[in-house]
Amino acid sequence: QVQLVESGGGLVQAGGSLRLSCTASGRTSMGWFRQAPGKEREFVAGISAIGGGTSYADSVKGRFPISRDNAKNTVYLQIQSLQPEDTAVYYCAASPSLPYRVSSNGQQYTYWGQGTQVTVSS
């Protein structure tokens, strides 16, 4: 069982930044997903447990760097140059079965955080 605790969401003006954090109860590959009102959940970024390989959705590549602190079992998503279309609930998820790579498929993530709201005003 992996427990995830998210933090860092909030209200920000367009062009602003936030840092989302997700602390796991163990070391595991992690991903960030988001779901906007009326839309399906989508993959944002992920980082592997071993090797630190990363993967990004095209829509956020270059804007949302993902990183991890293995000593703290914490993954960070720095969300930058935010636009109103980035408004969503952001979820972190853990994929213990894939320690060496990142999947963009939500079905390959076993554990999910509670979600944190990010709202971008224009």
Examine distances only and state if a side-chain atom of [X] and a backbone atom of [Y] form a donor-acceptor pair shorter than 3.5 Å.
{"X": "Ser95", "Y": "Gln108", "answer": "yes"}
{"X": "Tyr109", "Y": "Ser103", "answer": "yes"}
{"X": "Thr116", "Y": "Gly9", "answer": "yes"}
{"X": "Thr87", "Y": "Val120", "answer": "yes"}
{"X": "Arg34", "Y": "Val89", "answer": "no"}
{"X": "Arg63", "Y": "Ser81", "answer": "yes"}
{"X": "Glu42", "Y": "Phe33", "answer": "no"}
{"X": "Gln78", "Y": "Phe64", "answer": "no"}
{"X": "Glu40", "Y": "Gln35", "answer": "no"}
{"X": "Arg68", "Y": "Ser48", "answer": "yes"}

Problem - Worked check of side-chain contact (heavy atoms from CB on, under 4.5 Å) between Leu77 and Val44 - result: CA-CA 9 Å; Leu77 187 69; Val44 176; 4.1 Å; yes
Problem - ILVMFWY network linking Tyr91 to Ile47, side-chain heavy atoms under 4.5 angstrom - result: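 Different clusters.
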Handout entry: ILVMFWY cluster, Leu98 and Val75 together (side-chain gap under 4.5 Å)
Key =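 No, because Leu98 and Val75 fall into different hydrophobic clusters, even though each may have its own neighbours under 4.5 Å.
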[X] to [Y] - nearest heavy-atom pair and separation:
{"X": "Leu4", "Y": "Cys92", "result": "CD1-O, 3.8 Å"}
{"X": "Pro84", "Y": "Ser122", "result": "CG-CB, 3.8 Å"}
{"X": "Glu6", "Y": "Gly113", "result": "OE2-CA, 3.1 Å"}
{"X": "Ala14", "Y": "Gln83", "result": "CB-OE1, 4.4 Å"}
{"X": "Ser25", "Y": "Gln1", "result": "OG-O, 3.8 Å"}
{"X": "Ile50", "Y": "Arg27", "result": "CA-NH2, 4.3 Å"}

Under 3.5 Å, is there a donor on one side chain and an acceptor on the other for [X] and [Y]?
{"X": "Gln117", "Y": "Thr119", "result": "yes"}
{"X": "Tyr76", "Y": "Arg19", "result": "no"}
{"X": "Thr23", "Y": "Thr74", "result": "yes"}

Practice task
Could you go through the side-chain contact (heavy atoms from CB on, under 4.5 Å) check for Val2 and Thr110 one step at a time?
Solution key: CA-CA 9 Å; Val2 176; Thr110 308; over 6 Å; no
Handout entry: Interatomic distance, Leu11 atom CG to Gln13 atom CD [nearest 0.5 angstrom]
Key =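 The CD atom of Gln13 is 8.0 Å from CG of Leu11, to the nearest 0.5 Å.
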Practice task
Could you grab the distance from atom OG of Ser17 to atom CD1 of Ile79, nearest 0.5 Å is fine?
Solution key: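 Nearest 0.5 Å value for the OG-CD1 distance: 8.0 Å.
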Exercise for the section: Tell me, yes or no, whether the heavy-atom count around Gln107 atom CD, taken from other residues, nucleotides or ligands under 6.0 Å, exceeds 12. Expected result: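 Count not over threshold, so no.
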Exercise for the section: Decide side-chain contact (heavy atoms from CB on, under 4.5 Å) for Val102 and Phe43; before the verdict, give the C-alpha distance in whole Å, the side-chain angles of both, and the deciding distance to 0.1 Å. Expected result: CA-CA 11 Å; Val102 177; Phe43 172 77; 4.0 Å; yes
Practice task
Show your reasoning for whether side-chain contact (heavy atoms from CB on, under 4.5 Å) applies to Ile66 and Trp32.
Solution key: CA-CA 9 Å; Ile66 189 170; Trp32 285 94; 3.7 Å; yes
